[in-house]
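First comes the structure, then the notes that go with it.
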Amino acid sequence: MRTIPPKAILSLHFFGLSNNMAFLEFQQKLTDALRAFAAEELGADLDHIAAEIPPKTELGDLAFPVAFELAKVLKQKTGEKQNPRALAEKIAPMLESFDFVGKVSIAGPGYINVYYDRARYLSQSAGRPALADKGGEGEKICVEHTSVNPNKAAHIGHVRNSVLGDTFVRILRAAGHTVEIQNYIDNTGVQVADVVVGFIHLEKMDLDTIKALDARLKTEGTSFDYYCWDLYTKIGIDYQTNESLTEKRAETLHLIEEGDNDVADLADYVATRNVECILDTMERLSIRYDLLPRESEILHLHFWEKAFTMMKEREAIRLETEGKNAGCWVMPFESHEGSDEHETDKILVRSNGTVTYTGKDIAYQMWKLGLLGMDFKYRHFSTYGNGQDVWITTSRDVAADKPVPEFGHASKVYNVIDTRQSYPQEVVKKGVALIFPEKGEEASVHLNYEMVALSPSAAEELGFFLTDEDRSRSFVEMSGRKGLGVKADDLIDRLERDAFAEVQKRHSEITDEEKASIAHEIAVGALRYFLLKFTKNTVVIFDFKEALSFEGETGVYCQYTAVRANSIFRKLEENAVTAAAETIAADLQGVSRVLEGDEGDGIWAVAALAARLEETIAQSVASAEPATLARYTFNLSKAFNLFYHHHRIIDEEDEVKRAVLIAVADSARSALTEALATLGIKVPDRM
RNA sequence: GCACCCGUAGCUCAGUUGGAUAGAGUGCUUGACUACGAAUCAAGAGGUCAUAGGUUCGAAUCCUGUCGGGUGCACCA
């Protein structure tokens with residue numbers, strides 16, 4: 001692939017966004033100019049130019065500590081000692097020559113502080129959307145997330161995965177990427193087998209009895225995945241005392257993998273019903289999928305055999321003839337230096353000829369990247385309330401009532417999987433890169449995050465007995481096998497109940513249906529934000545009080561801020577924003593006056609923060625970190641609330657000032673609404 | 001034992017590829033609603049950024065040691 005020179009990309013970028021030039025473009029222009037200036041005028045090559053947002057609004061909108069760096073580089077080059085402040089003085093006029101720059105000042109030992117032309121920026125941005133619609137062109141990115149074992153209800157740990165994945169998808173789309181969402185279904189694994197053993201050998205049920213049970217559960221207001229949750233716990237306990245059951249498990253697993261038998265049919269029903277339940281849970285949180293690839297197809301369509309052949313051809317894998325791995329096909333891991341019993345070469349094919357999970361995962365990853373040269377068959381699975389379709393894989397040809405979209409063939413793949421699986425994910429990435437060096441390791445990204453654990457008090461609140469040792473620890477790990485966890489639907493139900501009560505207090509006049517709808521949006525906002533405000537590598541210690549809070553740093557606070565902002569515009573004249581834009585354009589000097597001084601700094605701070613949505617999204621993409629956007633959304637809300645308490649917008653008598661306040665409030669609510677939507681959080685009409 | 005992650009205010013956490021006086025939320029003390037919506041705002045107290053060195057004009061951030069915590073290291077997934 002040919003590389004496009006950076007300047008060409010920049011100009012394309014400008015072309016696409018020319019009607020909505022935000023701070024990101026300003027920064028790029030200034031950085032480029034600085035680099036050129038340093039090279040041409042000072043004879044210094046700077047590969048990276050640091051830019052910083054000053055700690056306070058009165059210190060400017062962008063700061064370059066570049067003079068310090070230059071002093072160092074020039075000293076190395078010429079041997080002469082340079083004064084950073086003097087260098088900064090030389091640079092300042094060049095930066096000042098840009099039309100969007102209001103002024104440049106030198107601060108402290110040599111910081112170059114750039115102040116944008118506030119009136120000019122406001123006149124150009126007034127009434128414009130906070131985020132340009134970038135369409136969704138370019139190469140496709142696949143994101144795999146959720147991937148809950150289909151043998152029980154989803155708990156809060158699974159929800160962290162789904163919310164992270166779904167939000168990252170929204171962030172990628174906001175940045176202009178085309179994204180496909182896959183939710184991998186491990187329908188032939190041990191966990192499904194366990195529940196199947198429970199149904200057959202503990203409950204003595206056959207497929208028809210299970211179907212009858214399922215129908216009965218519905219009328220009783222409980223659900224199939226909750227029933228399986230309990231059954232899974234029960235079988236876990238029985239395994240410890242009943243050895244014959246353990247034998248049944250191996251037998252059952254084998255039958256499920258093989259397919260085309262009664263046990264496999266029963267397992268398919270159980271797994272599919274759990275998938276349906278989990279999809280319902282996730283849809284409550286506005287989380288939807290494009291495709292459900294299943295492990296059964298990876299087996300039955302012989303994906304692994306194809307991958308295995310390719311790996312052997314490229315000598316990425318070798319057959320061990322001696323030692324403890326004799327008879328296994330392994331992938332050599334050059335980094336291993338551990339002793340014999342620890343972290344050695346990764347086994348992909350067992351000595352009995354069966355493939356391990358990691359082996360299957362390599363084949364699946366190759367398919368995602370369009371490298372396998374094979375494809376699944378597809379069946380329409382269901383249609384969401386919003387009209388979006390979900391497809392599932394199948395091994396048999398089915399008459400399609402809808403055209404099947406093209407799945408896979410991604411240029412890049414993000415796998416949202418918790419950090420405990422870092423090692424096998426490393427093997428998958430290295431394995432694929434070994435077979436396709438031209439594709440490289442960059443094509444596979446493990447978007448890893450820490451687990452959700454329970455605070456000891458939360459575990460006790462759920463009715464679990466804790467030993468003294470448990471209680472002395474800072475957290476208790478959740479365990480599906482032990483049935484220890486906060487079920488997602490339970491938590492959402494509780495949030496909705498609490499929110500309903502709050503809405504009732506404030507808006508007793510509206511219908512219960514409206515209240516429920518608002519309560520739902522609040523519950524989603526609270527839960528999603530709660531899981532997003534932590535950075536990925538922080539263990540979330542779940543605590544009911546914190547998770548159920550609607551005050552402080554919460555999604556509800558951000559929603560409330562947006563609702564409040566919207567209510568201003570409901571009371572303003574219909575064309576208030578356009579009128580304000582016209583007033584601003586007609587009197588730039590007057591606008592400058594409003595934006596001067598301490599009060600002006602306060603107003604400008606809100607506009608400036610709203611202008612940083614695009615760069616925040618770019619930052620979130622680059623670091624694969626949704627928490628960055630969540631923090632930004634909260635900070636913008638805080639800035640707006642401060643502004644709101646300082647200024648009476650509707651009652652403002654000075655026409656120009658009123659126009660400025662309207663334009664700034666509008667840009668803030670636009671950025672806030674867009675940021676919340678990207679976090680998967682809606683803004684209710686009232687709350 | 002080996003590998004990776006972490007240690008920041010009483011508690012829970014942010015802190016952009018090294019940059020200006022280390023910030024939020026919460027809890028505590030106090031103040032502000034006949035409202036552009038108090039699920040809000042303001043003020044106060046609260047710090048040896050685990051610890052000892054090193055690199056640098058500049059370190060919470062990079063390097064090394066020490067102490068403390070977490071996770072992973074299956075012919076499971």
Side-chain angles (χ1 to χ4, degrees), chain A residues 48 50-56 59 63-65 68-69 71-72 75 84 107-111 113 149 186 189-191 295 324-325 327-330 335-339 341-344 347-354 356-358 360-361 418-424 426 448 450-451 453 455 473-475 477 499 502-503 505-506 522 533-535 537-541 543 545-546 549-554 556-557 559-561 563-565 567-572 615-616 619 622-623 625 627-628 630-631 634-635 638 641-642 644-652 661 665 686-687:
Chain A
H48 177 257
E52 184 196 353
I53 297 169
K56 286 180 177 175
L59 291 173
F64 291 105
F68 307 115
E69 180 71 18
K72 191 198 294 182
K75 192 187 168 192
Y111 286 96
N113 290 339
N149 270 304
D186 185 3
V190 185
Q191 295 212 28
E295 186 179 58
K324 70 183 182 74
N325 292 341
C328 299
W329 286 88
V330 305
S335 66
H336 84 275
E337 272 151 40
S339 59
E341 49 202 309
H342 302 299
E343 201 158 322
T344 56
I347 292 165
L348 299 185
V349 180
R350 304 180 185 105
S351 54
N352 67 4
T354 57
T356 64
Y357 170 82
T358 309
K360 282 179 269 191
D361 221 20
D418 97 59
T419 192
R420 286 171 291 190
Q421 289 196 46
S422 291
Y423 173 58
E426 188 74 6
N448 62 326
E450 274 289 355
M451 64 177 155
S455 67
R473 295 171 59 132
S474 54
F475 62 82
E477 200 170 334
E502 293 293 324
V503 176
K505 267 194 248 171
R506 295 169 172 78
I522 290 171
K533 71 176 179 179
F534 300 96
T535 51
N537 62 4
T538 297
V539 177
V540 174
I541 300 173
D543 178 80
K545 188 170 174 288
E546 247 187 281
S549 171
F550 294 156
E551 288 166 18
E553 195 197 337
T554 63
V556 181
Y557 173 92
Q559 287 174 306
Y560 180 76
T561 308
V563 168
R564 181 187 239 182
S567 83
I568 297 173
F569 287 88
R570 207 171 291 134
K571 296 194 172 156
L572 280 168
E615 66 188 79
T616 305
Q619 220 173 69
S623 54
E625 180 56 273
T628 308
R631 291 270 166 190
F634 174 66
N635 285 329
K638 260 197 332 180
N641 278 324
L642 186 63
Y644 175 91
H645 280 272
H646 271 90
H647 305 282
R648 314 288 298 178
I649 297 166
I650 296 174
D651 304 335
E652 178 57 51
L661 295 177
R686 52 188 151 178
M687 60 188 280

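Please read these numbers as outputs of a predicted model, since none were measured by experiment.
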With sequence neighbours left out, the residues meeting side-chain contact (heavy atoms from CB on, under 4.5 Å) with A:Asn113 are A:Leu59, A:Ala63, A:Ser105, A:Ala107, A:Tyr111, A:Tyr115
Taking side-chain hydrogen bond (donor to acceptor under 3.5 Å, both in side chains) as the test, write out the residues that go with A:Glu553, two or more places apart. A:Tyr529, A:Arg631
Report yes if some heavy atom in the side chain of A:Thr419 is under 4.5 Å from a heavy atom in the side chain of A:Asn537; otherwise report no. no
Nucleotide B:U71, atom C1' - distance to CZ of A:Arg473 in whole Å: 11 Å
With rounding to the closest Å, how many angstrom separate the C1' atoms on B:G18 and B:A60? 11 Å
Nucleotide B:A77, atom P - distance to CE of A:Met451 in whole Å: 22 Å
List in chain and number order the residues that pass ring-ring contact (aromatic ring centres under 6.0 Å, His included) with A:Tyr557, two or more places apart in sequence or in another chain; answer none if no residue qualifies. A:Phe634
Toward the 5' end of RNA chain B, by each residue's nearest nucleotide, A:Gln421 or A:Phe475: A:Phe475
N/O-N/O pairs, protein side and nucleotides 18-20 of chain B side, under 3.5 Å:
from: B:G19; atom 1: O2'; to: A:Glu52; atom 2: OE1; distance (Å): 3.1
from: B:G19; atom 1: O2'; to: A:Tyr111; atom 2: OH; distance (Å): 2.6
from: B:A20; atom 1: O4'; to: A:Tyr111; atom 2: OH; distance (Å): 3.4
from: B:A20; atom 1: N7; to: A:Glu52; atom 2: OE2; distance (Å): 3.2
from: B:A20; atom 1: N6; to: A:Asn113; atom 2: OD1; distance (Å): 2.7
from: B:A20; atom 1: N1; to: A:Asn113; atom 2: OD1; distance (Å): 3.3
from: B:A20; atom 1: N1; to: A:Asn113; atom 2: ND2; distance (Å): 3.1

Any side-chain heavy atom of A:Lys72 within less than 4.5 Å of one from A:Phe68? no
Base, sugar-phosphate or nothing for A:Val563? Non-hydrogen atoms, less than 4.0 Å. base
Candidate pair A:Met687 and A:Ile522, rule side chain to side chain contact (heavy atoms under 4.5 Å, CB included), full reasoning: CA-CA 8 Å; A:Met687 60 188 280; A:Ile522 290 171; 4.0 Å; yes
Just so I know, are the side chains of A:Leu348 and A:Val330 near enough to count as touching, which here means a heavy-atom distance under 4.5 Å? no
Run A:Thr616 and A:Thr628 through side chain to side chain contact (heavy atoms under 4.5 Å, CB included) and show every step you take. CA-CA 7 Å; A:Thr616 305; A:Thr628 308; 4.2 Å; yes
Taking only residues two or more places apart in sequence or in another chain, which ones pass side-chain contact (heavy atoms from CB on, under 4.5 Å) with A:Asp418? A:Arg420, A:Tyr449
Expressed as a whole number of Å, how far does the C1' atom of B:C49 sit from that of B:A43? 26 Å
Students often get this wrong, so: under 4.0 angstrom with heavy atoms, is A:Pro84 touching a base, only sugar-phosphate, or nothing? nothing
Does a side-chain N or O of A:Thr356 approach OP1 or OP2 of B:C75 to a distance below 4.0 Å, or not? no
With pairs defined as Watson-Crick or G-U wobble and both distances under 3.5 angstrom, please note down RNA chain B as a dot-bracket string, | for pairing with another strand. (((((((..((((.....[...)))).(((((.......))))).....(((((..]....))))))))))))....
Using the P atom in both, what is the distance from B:G19 to B:C75, to the nearest Å? 44 Å
How far, in whole Å, is B:U16 from B:A20 if one measures between their P atoms? 10 Å
Regarding B:C75, can its base be found pairing with the side chain of A:Ser351 as donor and acceptor, where the two atoms are less than 3.5 Å apart? yes
Check side-chain hydrogen bond (donor to acceptor under 3.5 Å, both in side chains) between A:Thr535 and all other residues, then give those that pass, not counting sequence neighbours. A:Thr538
Identify whether any heavy atom of A:Ala51 sits under 4.0 Å from a base atom; if not, whether one sits that close to sugar-phosphate; answer base, sugar-phosphate or nothing. base
When rounded to whole Å, the CD to P distance for the pair A:Glu477 and B:U71 reads 6 Å
Of all residues at least two apart in sequence or in a different chain, which pass the side-chain hydrogen bond (donor to acceptor under 3.5 Å, both in side chains) check with A:Asp651? none
Is a side-chain N or O of A:Glu52 found less than 3.5 angstrom from the main chain of A:Pro54, in a donor-acceptor match? no
In B/S/- notation, 5' to 3', how is nucleotides 39-44 of chain B contacted by protein heavy atoms closer than 4.0 Å? BBSS--
Sequence neighbours left out, what passes side-chain hydrogen bond (donor to acceptor under 3.5 Å, both in side chains) with A:Ser623? Give chain and number order. none
In whole Å, what separates the P atom of B:A9 from that of B:U48? 8 Å
Quote, to the nearest angstrom, the C1' distance that separates B:G15 from B:A22. 8 Å
Rounded to the Å, how far apart are A:Lys360 NZ and B:C75 C1'? 13 Å
Would you measure the distance from the P atom in B:C13 across to the matching atom in B:A59 and give it in whole Å? 28 Å
Would you kindly give the CG-to-P distance between A:Asp418 and B:G70, to the nearest whole Å? 17 Å
Which atom pairs link the protein and nucleotides 5-15 of chain B when you take only N or O atoms and keep those under 3.5 Å?
from: B:C13; atom 1: OP1; to: A:Val539; atom 2: O; distance (Å): 3.4
from: B:C13; atom 1: O2'; to: A:Arg631; atom 2: NH2; distance (Å): 2.7
from: B:A14; atom 1: OP1; to: A:Thr535; atom 2: N; distance (Å): 3.0
from: B:A14; atom 1: OP1; to: A:Thr535; atom 2: OG1; distance (Å): 2.2
from: B:A14; atom 1: OP1; to: A:Thr538; atom 2: OG1; distance (Å): 2.4

Under 4.0 Å, heavy atoms only, any strand: does A:Thr419 hit a base, just the sugar-phosphate, or nothing? nothing
A:Gln559 side chain reached by A:Phe550 side chain, heavy atoms, under 4.5 Å: no
With A:Phe569, which residues qualify under ring-ring contact (aromatic ring centres under 6.0 Å, His included), at least two apart? none
Reckon A:Arg686 touches a base, only the sugar-phosphate, or nothing at all at heavy-atom distances under 4.0 Å? base
Taking the P atom in each of B:A50 and B:C6, what is the distance between them to the nearest angstrom? 12 Å
